[in-house]
Amino acid sequence: MSDNTPLVEVEDLTFRYRRATEPAIRNVSLTVTRGEVILVAGPSGCGKSTLIRAINGLIPHAYPGELGGSVRLEGRPTTELKLRDIALTVGTVLQDPGKQIVGATVEAELAFGPENLGVPRDEIRELVRLVSEQAGIEPLLGRETAALSGGERQLLAMAGILMMRPRLYVVDEPLANLDPLSAARLLAILRALADRGNAVIIVEHRVEEALELRPDRVLYLDAGAPRYVGPVDGFLRIADPRAVKLSFDVVLERARAGGLAAAAGDGTEPRHAPAPSDADHESAEGPARLEFRAVDASIGDHQILHGVDASLGRREVVAVLGPNGSGKTTAFRTAMQLLPVSAGRILVDGVDAKGRGTASLATIFGYVFQSPSQMLFARTVREELAFGPTNLRRDPATFDALIADCLRRTALDGLEGILERPPLTLSFGQQKRLALAIALALQPATLILDEPSAGQDHQTAEAFMREVLAIPGLESVYFITHDVDLALTHADRILLFRDGRIVADGPPKEIIVDEARWRACNLTPTSLMQANARWGGRDDGFLDAESLALRIVASEQAAPVGAEGGSASTLPD
């Protein structure tokens, strides 16, 4: 095969899933050569995952439907290749890493692919050593895969693909489950692979971070069709900052050009008005909603939580940040009695949670898992949403209105035939929103959300949080996230985890003052953090990018004549 032959040639690709009335993707053409990095961006549901499935052969071999156009790998149509053969050329890291991890231990998972190719055992051992070092997962060796965090599984899934040494790496939203430092490491790995002559296709909503990969070209999809294919500069000029997360300077430039006026109101207030703190309400409204007292917890022989102490209020919006594997998800799993504590106590509304079943706690806490497929089992979406209220013996006459409201709040109501759709046929982002709708159907007082923005474009994630915070009767929201800007703009309190301990607890502006501690928790200052520090008023909460940009523009336009356009650094407090 000539080195000049493209690795991938997508020509006029159109695909309509069976039972769908409209194509998921239409008239897409793309050529990928050795050494190239291609970023695929666009709003949720625009066809990004469908394109990946066409490139790795799952379309048409595993997903039936009507296929038009062609996809060729090194000159050969995928329709004429077996999935096993395609896998030798294309390595895919899925949005939900849990779906592709099959080994019981980290070593078994890494060895799985080469073993199936008949690679000698000594060579596999050496490859495990090299790949573990390359992917930065040496601390995970010897661990059971079931005990890994979502981010650790994401890194393991990437390492598993590295073991196969394909020529094309296709990664679907790899940053959603990773702390910023791990995300930067993964991007560096992908860049190095491309520099050695491999090709990379990365699908990502968090464009600001993905641009660190220095992509050669961007494919921007909208409503299933290509809106732009070309260099990064051209993409930044036309990309919708509400749909993809761009750096603040790009958003500000767009605002100055008048491109944000219809998107975010007048930009004078934070989108989230913080809920009253627990300290203001505890005496009047009773004890904390959730309290950890010196809690230890382990999975197998691996201790994850070390003496965790925290009191989460009945009327608070709390974001939980920290490195992958630092205990964020484990803490809330113990609260829901999904994992036993080995020491300490957990109290719910002042009462020891020990002995309370998960079903009982679900009437107080609506828990949305990091991997939505863990919550989905019914035949249709309607049955999923009715299951909880039915088991709580709620009035069936209220179900239709309740289900409709839950679908509306999670932006699923516009999907064709949504009530009769099998849940597992939805995209990852749609499954994530369905998982939230399932939790909302229980009408809990508190929501616990694990990575709520995963699988969502920037606009959907922001709308998602606004809708959640506006739900009547919802008292508090606790959410785990690696999206720092989402946490800072929507939470009134931050818990910072590291090594199974809480190392900081307080309002966002206080937490980020200690930059050394921030970086020690694998977090990096974002462009929005820096912009809020420069331009935000002293008494404001954090402003989202669109609101802050519009506020700066308004200040510049109001500046006195002769002030050279005004000074954005002298905004009113």
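Residue indices begin at 1 and follow the sequence shown.
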Is there a side-chain contact between [X] and [Y] (heavy atoms, below 4.5 Å)?
{"X": "Val368", "Y": "Pro452", "value": "no"}
{"X": "Leu543", "Y": "Asn532", "value": "yes"}
{"X": "Gln456", "Y": "Asp483", "value": "no"}
{"X": "Leu178", "Y": "His482", "value": "no"}
{"X": "Arg382", "Y": "Phe399", "value": "no"}
{"X": "Lys432", "Y": "Phe464", "value": "no"}
{"X": "Ile418", "Y": "Leu426", "value": "yes"}
{"X": "Arg493", "Y": "Val317", "value": "no"}

Got a donor-acceptor contact below 3.5 angstrom from the [X] side chain to the [Y] backbone?
{"X": "Glu467", "Y": "Leu469", "value": "no"}
{"X": "Arg433", "Y": "Ala411", "value": "yes"}
{"X": "Arg153", "Y": "Ala146", "value": "yes"}
{"X": "Asp296", "Y": "Gly307", "value": "yes"}
{"X": "Ser527", "Y": "Ser247", "value": "no"}
{"X": "Arg379", "Y": "Glu383", "value": "no"}
{"X": "Glu316", "Y": "Val477", "value": "no"}
{"X": "Ser476", "Y": "Thr446", "value": "no"}

Can you name the closest pair of heavy atoms from [X] and [Y] and give their distance?
{"X": "His205", "Y": "Lys48", "value": "CE1-NZ, 3.3 Å"}
{"X": "Arg498", "Y": "Ser326", "value": "CA-CB, 4.0 Å"}
{"X": "Pro64", "Y": "Phe15", "value": "O-CZ, 3.7 Å"}
{"X": "Pro389", "Y": "Leu442", "value": "N-CD2, 4.1 Å"}
{"X": "Pro43", "Y": "Tyr220", "value": "CD-CE1, 4.4 Å"}
{"X": "Thr363", "Y": "Leu392", "value": "CG2-CD2, 3.6 Å"}

Checking Thr526 against Glu208 for the side-chain hydrogen bond (donor to acceptor under 3.5 Å, both in side chains) test, could you report, in this order, the C-alpha distance in whole Å, the side-chain angles of both residues, the deciding distance, and whether it holds? CA-CA 9 Å; Thr526 67; Glu208 178 180 9; 5.9 Å; no
Asp309 with Arg293: basic N within carboxylate O range, under 4.0 Å: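 No.
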[atom1] of [X] to [atom2] of [Y]: how many Å apart, nearest 0.5 Å?
{"X": "Ile494", "Y": "Ile502", "atom1": "CD1", "atom2": "CD1", "value": "12.5 Å"}
{"X": "Ile137", "Y": "Gln154", "atom1": "CD1", "atom2": "CD", "value": "12.5 Å"}
{"X": "Arg53", "Y": "Ile59", "atom1": "CZ", "atom2": "CD1", "value": "6.5 Å"}
{"X": "Thr105", "Y": "Leu148", "atom1": "OG1", "atom2": "CG", "value": "10.0 Å"}
{"X": "Asn324", "Y": "Asp179", "atom1": "CG", "atom2": "CG", "value": "4.0 Å"}
{"X": "Leu486", "Y": "Phe479", "atom1": "CG", "atom2": "CZ", "value": "5.0 Å"}

Side chains of [Y] and [X]: any donor to acceptor distance under 3.5 Å?
{"X": "Thr329", "Y": "Asp450", "answer": "yes"}
{"X": "Asn177", "Y": "Gln370", "answer": "yes"}
{"X": "Tyr17", "Y": "Thr50", "answer": "yes"}

Could you walk me through whether Leu436 and Arg409 pass the side chain to side chain contact (heavy atoms under 4.5 Å, CB included) test, one step at a time? CA-CA 9 Å; Leu436 173 61; Arg409 292 189 181 280; over 6 Å; no
Verify side chain to side chain contact (heavy atoms under 4.5 Å, CB included) between Val468 and Leu440, making sure each step is shown before the conclusion. CA-CA 9 Å; Val468 165; Leu440 294 180; 5.6 Å; no
Exceeds 12 heavy-atom contacts within 6.0 angstrom, atom CD of Glu144: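 Atom CD in Glu144 is not packed in, count stays at 12 or less.
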Give the C-alpha distance, both sets of side-chain angles, the deciding distance and a yes or no for side chain to side chain contact (heavy atoms under 4.5 Å, CB included) between Val348 and Leu290. CA-CA 5 Å; Val348 175; Leu290 177 60; 4.2 Å; yes
Compute the ring centroids of Phe387 and Phe377, then answer whether they are less than 6.0 Å apart.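 That pair passes the under 6.0 Å test.
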Could you list all the side chain to side chain donor-acceptor pair (under 3.5 Å) pairs where at least one residue sits in residues 385-404, not counting sequence neighbours?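 Checked against side chain to side chain donor-acceptor pair (under 3.5 Å) - neighbours excluded - the pairs reaching residues 385-404 are Arg394-Gln443.
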Could you tell me which residues satisfy side-chain hydrogen bond (donor to acceptor under 3.5 Å, both in side chains) with Glu152, sequence neighbours excluded, listed by chain and number?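 By the side-chain hydrogen bond (donor to acceptor under 3.5 Å, both in side chains) rule, Glu152 matches Ser149.
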Are Ser371 and Asp96 close enough, and set up right, to give a side-chain hydrogen bond (donor to acceptor under 3.5 Å, both in side chains), and what steps lead you there? CA-CA 7 Å; Ser371 175; Asp96 185 353; 2.7 Å; yes
List the steps, then state whether side chain to side chain contact (heavy atoms under 4.5 Å, CB included) holds for Asp172 with Leu94. CA-CA 5 Å; Asp172 193 355; Leu94 301 175; 5.7 Å; no
